[in-house]
**Student:** 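Dropping the structure in here first, questions after.
Just the heavy atoms: all of them, side chains too, but no hydrogens, waters or symmetry mates, feed the values below.
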Amino acid sequence: MVGRRTLRIALCFALMLALGAQAKTLRWAAQGGASTLDPQAEAELFTNIAALQVYESLVRYDEHLKLAPSLATEWKATGPRTWVYKLRRGVKFQDGTPLTADDVVFSFERARQSGSAFKLYANQAGIPRKVDEHTIEFTTAAPNPVQPVALVNILIMSRAWCEKHRTTRPQDFAHNEETYSARHAMGTGPFRLVSYEAGVKTVYEKNRDWWGIAAGLYTGNVDRVEFRPIASPPTRMAALKSGEVDFVLDPPVQDVRLLERDPSLKVWNGEENRVIFIGLDMARDQLLYSDVKGRNPFKDRRVRLALYQAIDIEALKRSVMRGLSIPTGIPLPSLAGLPGVKDVRHPFDIEAARRLLAEAGYPKGFGFTLHCPNDRYVNDEKICIALAGMWAKAGLRVAVDASPKALYFQKCERLDVSAYLVGWGGATTDPIFTLKPVLHARTAQGAGDSNFGNFHLPELDALTDRIESEMDPAKRDTMIREAIAILEREVPVLPLHRQVIPWVTRAGITLAHRANNTPLLYAVRMP
């Protein structure tokens, strides 16, 4: 008896060892991490990536950025302003409670209280109504040709969990509010949150009850994910080369060519659907951060155009971005699907910039502060420093104030900036998802929530509102081209470039490189 018992224990131990040997941990890093875990508090890439491991939307983007079913299995327009969505049966939250229509309605109503772009997305999706436990009807204020796309941006939370933890409204991120949902997460997604140390480490484990496993979506072999923000580029790359991490989302652009020649590594290249631009405070009568008193120079189109024409975009591409950027004159993340649109910049011309400044009443230039993140976009702080040097040649005195993105975006959302660098884009390439949240005037319905310059171009706003509800594709394309012409003429923002985003992994790892810069961690395979 003793021998058989010992044998059984040995066999169990051997099985445990075998299972342990098969378990894979993906350790990855980037220059910045999530600013909050609340999935409806801050519309920012790294924060969204963290949320997407735990939470899901009704509709998702697949590895090719095509719309695909997620928590909803089917949907259809039942009228000019109504859409009906059918929920996937048998889905459970990670605490074991079933997903119902009540959770969906609650999540959209919660998002409508957000201080970020999620408010706009929820309003674009329409007012939700529970039809039955697994059916929701959305009614939009006007016809919406891209209504399902808006739903991708709203992640579904458990109503009971939010009520239990007194977090039924999104965290007030701009004012650094502390809430339970900012440091904890519980959804229906492919991973469960194990631990979160802001700025240090976030750990997830595979959700073995995820519906996507049975549906064949979990094509990777990762059981545990550890994410570390590593701000220093040399330290980040040293961690990769030493084997401390397996995947770096944002290698330094100056290192990419060397990395491509390293047989122990794999570089994954591609263009990102994200445009980088400079925004300007065009609302205040006197700038917060300038030596000009009693007036706001950025209200004058000649000044904005002078700033634009003083930018040597090719030098920026060559020296700062090391060739990994696509200069643009159009502040939209992607021009795909816009026939007849020519991407032309105002010419680089220092003398023209000086003349414009003199005509505007600033023959000796003026001073202002350019606010930038230092851990969000590719070489963001270096871009700002380079721009300050270029503008100096036109007689402008520019101080660069760079800060970590968590602090930086709080400052932006409070409109506590005069000039700022920001990027916008992701999987959603339709122009309305930039025109409405970023380039429209701020409204109570959420439009313009990411218009940190608080500018107001009535002609552009009216056109954007028409684009949002135009169902005729040809008419809509014509309107979009008209909106681009207004942006080129009025220069409310200074477009710079679209990012090229190299990722780098250890050799043998496979993943799907996506133009929204968001890896599908459940599809990563490790050797």
**Student:** Name the orientation class of the two ring planes belonging to H184 and Y180 (parallel below 30°, tilted from 30 to 60°, perpendicular beyond 60°).
**Tutor:**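 Parallel.
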
**Student:** Where do R302 and L356 come nearest, in terms of heavy atoms and distance?
**Tutor:** O-CB, 3.6 Å

**Student:** Sequence neighbours excluded and cut-off under 3.5 Å, please list the side-chain donor-acceptor pairs for residues 413-427, or say none.
**Tutor:**
residue : atom : partner : partner atom : Å
R414    : NH1  : A174    : O            : 3.1
D416    : OD1  : Y289    : OH           : 2.7
D416    : OD2  : Y289    : OH           : 3.4
D416    : OD2  : K411    : NZ           : 2.8
S418    : OG   : L288    : N            : 3.4
S418    : OG   : Y289    : N            : 3.0
Y420    : OH   : F452    : N            : 3.4
Y420    : OH   : G453    : N            : 2.9
W424    : NE1  : F433    : O            : 2.9

**Student:** Pair K436, D430 - check salt bridge (charged side-chain N to carboxylate O under 4.0 Å, His left out), show working.
**Tutor:** CA-CA 11 Å; K436 196 78 175 188; D430 191 276; over 6 Å; no

**Student:** Could you pull out the closest heavy-atom pair between D291 and G367, with the gap in Å?
**Tutor:**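 Of all heavy-atom pairs spanning D291 and G367, the closest is OD1-N, 2.8 Å.
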
**Student:** Might you point out which heavy atoms bring D281 and L287 nearest each other, and give the distance in Å?
**Tutor:**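 So the minimum-distance heavy-atom pair works out to O-CD2, 3.6 Å.
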
**Student:** Applying the side-chain hydrogen bond (donor to acceptor under 3.5 Å, both in side chains) test to T36, which of Q171, E178, R183, E177 qualifies?
**Tutor:** Q171

**Student:** Quick one: closest heavy-atom pair of A125 and F108, and the distance?
**Tutor:**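 Looking at all heavy atoms of both residues, the shortest contact is CB-CE2, 3.7 Å.
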
**Student:** Kindly compute the distance separating CG (D477) from CD1 (I467), expressed to the nearest 0.5 Å.
**Tutor:** 9.5 Å

**Student:** Tell me if a side-chain donor or acceptor on Q445 pairs with a main-chain N or O of K119 at a distance below 3.5 Å.
**Tutor:** no

**Student:** Knowing that exactly one of F138, F106, W83 qualifies, which makes a side-chain contact (heavy atoms from CB on, under 4.5 Å) with P128?
**Tutor:**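 That would be F138; it is the only one of F138, F106, W83 passing the side-chain contact (heavy atoms from CB on, under 4.5 Å) with P128.
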
**Student:** Under a 3.5 Å distance rule, please check whether N379 uses its side chain to pair with a backbone N or O of M321 as donor and acceptor.
**Tutor:** no

**Student:** For the backbone of L193 and the side chain of Q53, can you confirm whether one donor and one acceptor N or O come within less than 3.5 Å of each other?
**Tutor:**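 No, because the side chain of Q53 does not come within donor-acceptor range (under 3.5 Å) of the backbone of L193.
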
